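Inspection log for the structure reproduced underneath, given as structure tokens.
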Amino acid sequence: MSSVAKMIETIETEMDAESPEANPEHLRMVEALLFAASEPLDLKALSTSLPEGADAPGLIKALQAAYESRGVNLCCVAGKYQFRTASDLAFLLRKEQPEQKRLSKAAIETLSIIAYHQPVTRAEIEDIRGVAMSKGTIDILMEIGWIKIRGRKRTPGRPVTYGTTDGFLVQFGLESVAHLPGLDELKAAGFLEAIPPSGFDVPNPSDALGPDEDPYDPNEPEMATGSVNLDEA
Amino acid sequence: MSSVAKMIETIETEMDAESPEANPEHLRMVEALLFAASEPLDLKALSTSLPEGADAPGLIKALQAAYESRGVNLCCVAGKYQFRTASDLAFLLRKEQPEQKRLSKAAIETLSIIAYHQPVTRAEIEDIRGVAMSKGTIDILMEIGWIKIRGRKRTPGRPVTYGTTDGFLVQFGLESVAHLPGLDELKAAGFLEAIPPSGFDVPNPSDALGPDEDPYDPNEPEMATGSVNLDEA
Amino acid sequence: MTAADQAENFDEFQSTAIYADDQALTVQVDGFEGPLDLLLTLARNQKVDIAKISILKLADQYLEFIESAKKLNLELAADYLVMAAWLAYLKSRLVLPQEKGSDGEPSADEMATRLRWRLQRLDAMRAASTRLMGRERLDRDVFGRGDPEPVNVIKLRTYKDTMYDLLTAYATDRARRLGGQAYRPQMAPVLAIEEARERLERMLGKIADWSALTGLLPFEWTGGARRRSAVASTLLACLEMARDGKVELQQMAPFAEIFVRDGQRAADMTTPSPISGAPTPGA
């Protein structure tokens, strides 16, 4: 038996183990749907296209297992599913990114701080980096579509809070912000704790609104917008 | 053994038969290259990306066999290779979107005249409505499937006559065109004033061929078709 | 590149220009992202775990660094100087015997701990950032389907038109078309007096001397009820015109034929009456 055959046998075994009743026709459908889509699909989108009673989560698991060691893998990004080329084959496919996409060191650090500390205000980012932020940094990250204004902190001046977008998760191949690399270590070391460290609220990066955060309303009256500008200045 | 497993076993057997030495790493590479390519790739393009000595034709054959019964197939188009959704799953990539519409004023008026006055020619419709008809009006009603060409009038030019279809009866909940309300019923229902304008008569529509009507033969010789065009012009 | 970016890079350039020329302390020419970044670099150079770093030593290094920059006449961004002042203050408090912290002001040790913690945090965030950016990125390292097959949206068109719409369309369309004629003012079988007079005025000069009134009726008004109306209206018109002196009238007996002639012509010459022995016109 060739090693390919062995590989396939492993898949077979895994598929049988993971979902003994994975309907082969349904598997083909999920495979086709995910292969055809240009964007990641969530379970709901898949379910609407599948016959009634199809076990979308089970099918996804079976497919993920089947493709685990293949040239194409089934990844979970931003809570959705997408076939992507295997990361170890990057050397084969890598394309040079256009120069303009190269972010400054400040922008990269700011993005990381927003990702790990969200929801986070500009002042908090500046406290961590120990330097005032140029306005352009936030603008660039917003323009790429990796960060967004997610709310306002219920503190004087009601500064806006920043967080990452689904586009960020898709770009970096993350299932959710809870899957950020090294998140647990940072949390355990207390580095994600509130600023200053004597504070008692512990913000975890989360898409959910924080306890002292209001949702962002772009149509808020002028006065409130004024306070944003104060924050940004 | 599940049918998926059986399917995989078949692939395995075929793969062993077709290319006993198909390198599993090379297979993964071809898989990823074809998946990520924005257009079909030929063997030459594949070979330049693969490590030296890789058997591109053999790998393609192995992959084609492996994907034969899957949701996605490896197709060969004009000597180039491409992953495509299995043709029997094409229905998954069709989304039916319901859309509710209303006929234009001209269309519903024309339809009502055809319903009541059938068999009726285009010239007669125009005479009754008192305005020239745009070609689109008849086309729309034909496309929806509510009217049809039912015959030809035994008059010079032999113009085609229009009538309503079964689809029309279904849409408007009629058992037959003979059930369309007559003058008195229209009056009683308030559609007409108590004293309708002089000259207002409501015909008794019928599916039967009119006395001066020939059945429509779509395969009539050219000359007759010519007269249709005259009529339509 | 935005102006803000340039400004940021300019800051980097300034701090990059700071060299430590003693104590074998060489700062990489990477540029610093502010005083905390400079402190972190200096702390790394101590080659100890940042958690155990000597803040006193670090403060000294920082202050030396700033001094050497001043000697080189390099303009330093304000926040580097603020940090220098703060570190000088911290250093002075650290070397002095610890006084009991009064009204909430943090002790020098607490301040040092806080600084150490901030450096650790910045260091940790930098590491996390490197890990994050090191991930396989979509369309750079990993790729989605290069030639996705889009979903074809097929519109299932249904029509809301009902029997009501159909009948309304039929009834109103036809009523409008036919009703258009019904509402046109009906030609009443009455010849308006104005019309009769206008007609007569046009005919004056063309009619024979002493024409019979009934012979002057419009041709299409010569039968039935229409004739009666035409006679009455023409007579009234004649009377009006006679009053104005435009015509002269004659009638031999009640209900007999009435004769009309042009009043102007009557003035010019005396024409015999069509009926001998007729009373003088105008009587």
Side-chain angles (χ1 to χ4, degrees), chain A residues 32 34-40 49 72-73 75 77 82-87 89-90 93-97 101 103-109 111-113 115-117 127-137 139-140 170-174 180-183 185-186 189-191 196-198, chain C residues 1-12 15 30-40 51 77-80 83 106 110 113-115 117-151:
Chain A
L34 289 169
F35 249 82
S38 55
E39 298 292 319
S49 294
V72 174
N73 303 147
C75 307
V77 284
Q82 186 179 37
F83 274 118
R84 291 179 170 196
T85 56
S87 54
L89 296 176
L93 305 156
R94 187 167 283 140
K95 285 176 195 157
E96 280 312 308
Q97 285 277 296
K101 280 252 174 143
L103 289 172
S104 69
K105 202 175 151 205
I108 291 170
E109 269 184 36
L111 173 66
S112 307
I113 291 167
Y116 286 89
H117 287 261
D127 183 70
I128 294 169
R129 297 191 60 229
V131 69
M133 201 181 335
S134 70
K135 186 136 172 35
T137 308
D139 286 0
I140 285 168
V170 169
Q171 172 73 28
F172 289 90
L174 291 163
L180 281 165
L183 182 69
E185 292 97 302
L186 284 173
F191 290 131
S198 50
Chain C
M1 189 180 267
T2 66
D5 261 356
Q6 278 165 353
E8 199 162 271
N9 286 351
F10 185 60
D11 282 348
E12 284 171 27
S15 43
D30 276 339
F32 297 109
E33 296 271 339
L36 206 58
D37 184 36
L38 172 54
L39 272 173
L40 186 59
D79 47 353
Y80 288 89
M83 179 61 87
E110 279 166 350
T113 306
R114 162 97 172 110
L115 178 59
W117 186 83
R118 284 190 70 185
L119 289 173
Q120 280 178 278
R121 182 176 64 178
L122 182 60
D123 198 40
M125 286 318 299
R126 290 257 167 91
S129 180
T130 307
R131 282 183 74 178
L132 180 64
M133 298 313 284
R135 283 186 70 84
E136 271 95 25
R137 302 249 296 270
L138 185 66
D139 296 332
R140 192 190 69 176
D141 310 304
V142 297
F143 296 85
R145 176 89 180 266
D147 187 16
E149 297 167 76
V151 171

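What you are looking at is a predicted structure, and each value in this text was computed from that prediction instead of being measured. Proteins come first, then strands; the chains are lettered A, B, ... in the order of their sequence lines, and each starts at number 1.
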Any heavy-atom pair between the side chains of Phe172(A) and Arg137(C) that's under 4.5 Å?
yes
So, does Arg84(A) use its side chain to make a donor-acceptor pair with the main chain of Leu138(C) at under 3.5 Å?
no
Residues at least two apart in sequence or cross-chain that pass salt bridge (charged side-chain N to carboxylate O under 4.0 Å, His left out) with Glu136(C), listed by chain then number, are none
Of the listed Leu122(C), Asp79(C), Leu39(C), Thr130(C), the one with the largest count of heavy-atom pairs under 4.5 Å with chain A is Leu122(C)
When rounded to the nearest 0.5 angstrom, what distance separates CZ in Arg126(C) from CZ in Arg129(A)?
7.0 Å
Interatomic distance, Asp139(C) atom CG to Thr85(A) atom OG1 [nearest 0.5 angstrom]
9.0 Å
Partner chain C: residue of Ser87(A), Ala37(A), Ala86(A), Ala32(A) with the largest heavy-atom pair count (under 4.5 Å):
Ser87(A)
Got a donor-acceptor contact below 3.5 angstrom from the Arg145(C) side chain to the Phe35(A) backbone?
yes
Find the one option among Gly144(C), Pro150(C), Ala128(C) whose heavy-atom pairs under 4.5 Å with chain A are most numerous.
Ala128(C)
Selection from Leu186(A), Leu111(A), Val77(A) maximising heavy-atom pairs under 4.5 Å formed with chain C
Leu186(A)
Let me know if Glu185(A) has heavy atoms under 4.5 Å from chain C in its side chain, its backbone, both or neither.
side chain
Over all heavy atoms of both residues, which pair between Phe191(A) and Ala124(C) is shortest? Give the atoms and the distance, please.
CD1-CB, 3.5 Å
Do Asp37(C) and Lys105(A) come within less than 4.5 Å of each other through their side chains, counting heavy atoms only?
yes
Inter-residue atom distance Met133(C).CE - Leu103(A).CG, 0.5 Å rounding
5.5 Å
Closest heavy-atom contact between Ser112(A) and Met125(C)?
O-CE, 3.9 Å
Identify whether the distance between the nearest side-chain nitrogen and carboxylate oxygen of Arg114(C) and Asp127(A) falls below 4.0 Å.
yes
Measure Arg131(C) against the heavy atoms of chain A and call it side chain, backbone, both or neither at under 4.5 Å.
both
May I ask you to test the Val131(A)-Leu36(C) pair for a side-chain heavy-atom distance under 4.5 Å?
no
Heavy-atom closest pair (Pro148(C) atom, Ala36(A) atom, distance to 0.1 Å) is CB-O, 3.3 Å
